[in-house]
Amino acid sequence: MAVVLFTCAGRRADIVAAFGAAGATTLATDASELAPALYAADRRALVPRVGDPGYVPALAELVRVHAVDLVVPLTDLDHRVLAARREELDALVLLPDLPTVERTADKFLAHVFFQAHGIPSPPTWLPDDLPPDDVIDYPVLVKAREGFGANHIYRAKDREELEFFLRYTAVGSMVQQVCRGTEFSIDVFCDLDGICLNAVPRTMLHSTGGESVKGETIKDWDLIRFAAHVAETLRLRGPACIQCFREADGTHQVTDVNPRFGGAFPLPTAAGSRYPELALALAAGEQPEPRLGEFREGVVMSRYLTQVILVRGADGTLAPFDDALAAEPPG
């Protein structure tokens, strides 16, 4: 049975559980003992924070002790360090090469890459290179070049607001024209050679904090082929979430690519993407054939909050507060 180590597990109990259901032994890691996904795994371990010099050595030791086959990062936080130091981990790290990680982490570099490779992307400028107002089609967004969760994004309807938000924002930013079409996300999965194995488009019915809360899978072949082209041009490896808008003229404008499992992971999983199984096959040295379009359309997701209840033991560590313990009288 393959052992899968998840980094920055956080709240992604859904992903950890899906790999367990696919037959893996799951090992979740995080810097916080309160990360809920730790308690969805077969095994769990606390590690230093990503910026700590001991972070990668701690992961390497866990890989050795637990005979880990596959390392799956669950947030963007450690992509750079894992892509740069993957050779220190004696397991398959499910990330693209460092240049791809760098250009997807920096949204302006991603825009420049898309332009250079003929992939449509909304007009985007750095603050010092803004054109005159007769060139800018307002409204525009002041967006963090690096970030996630819809943080540091401000909508400006004219030059006055644009200049205000550029002064207001506390992070390095860019300016991007607002797309007026319909937004879609496509969850893709690529093999180790960058070949897209599947792409599952979904509608964005409702999002909170940049994460999809309600959506529906659609078998739209224009979106499927477009996402596969974007993924293979970037030479992605493993999972990614591609966000784009379909404009009135039928073109698709890419606004973001995140090389990890998307926030709406449960939806393509329920639709039959079998992405955990594909990841395990790659870790086993197999070469799965592309299966574009092999998923069920019309699957709808509506997410809600849930929780894990923990109890602190005599040794100070936390463990799930299971039914048997809950039934015991206090004291």
Side-chain angles (χ1 to χ4, degrees), residues 76 79-80 96 98-186 188 201 203-204 207-212 220 222-223 225-236 240-259 262-263:
D76 307 323
H79 281 188
R80 279 192 176 98
L98 183 58
T100 299
V101 168
E102 293 278 9
R103 69 173 57 103
T104 53
D106 186 322
K107 301 181 195 314
F108 185 75
L109 292 183
H111 168 74
V112 171
F113 177 88
F114 295 143
Q115 279 196 316
H117 290 80
I119 296 173
S121 177
T124 305
W125 310 273
L126 293 178
D128 292 338
D129 297 323
L130 287 173
D133 274 354
D134 60 354
V135 176
I136 300 177
D137 185 9
Y138 290 96
V140 296
L141 298 176
V142 174
K143 297 175 64 174
R145 288 182 62 168
E146 298 191 24
F148 55 92
N151 294 317
H152 304 293
I153 299 179
Y154 311 99
R155 186 183 179 105
K157 69 176 184 297
D158 54 32
R159 174 71 69 159
E160 182 179 1
E161 288 190 355
L162 173 56
E163 292 178 349
F164 168 80
F165 284 124
L166 286 174
R167 292 192 304 269
Y168 174 80
T169 186
V171 298
S173 298
M174 64 186 194
V175 178
Q176 188 169 80
Q177 186 173 299
V178 170
C179 294
R180 292 176 167 80
T182 303
E183 185 177 13
F184 298 93
S185 283
I186 307 101
V188 303
T203 61
M204 303 284 284
S207 297
T208 299
E211 189 168 295
S212 179
D220 185 310
D222 287 339
L223 287 173
R225 285 188 284 262
F226 179 70
H229 173 61
V230 171
E232 292 179 357
T233 303
L234 276 168
R235 292 195 62 79
L236 295 175
C241 180
I242 298 172
Q243 292 176 263
C244 70
F245 284 79
R246 175 176 287 158
E247 298 296 87
D249 62 1
T251 61
H252 298 101
Q253 304 270 345
V254 180
T255 55
D256 204 6
V257 177
N258 295 301

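The chain is numbered in sequence order, starting from 1.
Of all the heavy atoms in Leu98 and Arg80, the pair that sits closest is CD1-O, 3.8 Å. Taking each heavy atom of Cys241 and Gly262 in turn, the nearest pair found is CB-CA, 4.1 Å. Of all the heavy atoms in Arg155 and Glu161, the pair that sits closest is O-OE1, 3.8 Å. Heavy atoms only, all atoms of each residue included: Ser173 and Val171 are closest at OG-O, 3.0 Å. The minimum heavy-atom distance linking Phe245 with Gly181 is given by the pair CD2-O, 3.5 Å.
In this structure, CD on Gln177 lies 4.5 Å from CG on Asp137, to the nearest 0.5 angstrom. We find the CG-CD distance between Leu109 and Glu146 to be 8.0 Å, quoted to the nearest 0.5 Å. Atom OG1 of Thr169 sits about 10.5 Å away from atom CG of Asn151, to the nearest 0.5 Å. Distance check: Phe108 CZ to Met174 CE gives 8.0 Å after rounding to the nearest 0.5 Å.
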Show me the donor-acceptor pairs, under 3.5 Å and distance only, between side chains in residues 111-123 and residues at least two apart or in other chains.
unit_1	atom_1	unit_2	atom_2	d
His111	ND1	Ser121	OG	2.9
His111	ND1	Pro122	O	3.4
His117	ND1	Phe113	O	2.9
Ser121	OG	Val254	O	3.3

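Counting only residues at least two apart or in different chains, salt bridge (Lys or Arg N to Asp or Glu O under 4.0 Å) contacts with residues 103-130 comprise Asp106-Arg145, Lys107-Asp256.
Judged as a side chain to side chain contact (heavy atoms under 4.5 Å, CB included), and not counting sequence neighbours, the contacts of Asp134 are Pro132. A search for side chain to side chain contact (heavy atoms under 4.5 Å, CB included) contacts involving Leu166 returns Pro127, Leu130, Val142, Leu162, Val175, not counting sequence neighbours. Arg159 meets the salt bridge (Lys or Arg N to Asp or Glu O under 4.0 Å) test with Asp133; sequence neighbours excluded. Shown here are the salt bridge (Lys or Arg N to Asp or Glu O under 4.0 Å) partners of Glu163, two or more places apart in sequence or in another chain: there are none.
Between Tyr154 and Phe165, the angle of the ring planes stays under 30°, which puts this pair in the parallel group of the 30/60° scheme.
Checking Thr255, Leu234, Val257 one by one against Ile242, the side-chain contact (heavy atoms from CB on, under 4.5 Å) holds for a single residue, Val257. Checked against Arg246 for a side-chain hydrogen bond (donor to acceptor under 3.5 Å, both in side chains), the options Thr182, Asp222, Asp220 give a single hit: Asp220.
By the neighbour-count criterion of 12 heavy atoms within 6.0 Å, atom OH of Tyr168 is sparsely surrounded, having that number or fewer from other residues, nucleotides or ligands.
With salt bridges taken as basic N to acidic carboxylate O contacts below 4.0 Å, none links Arg180 and Glu247.
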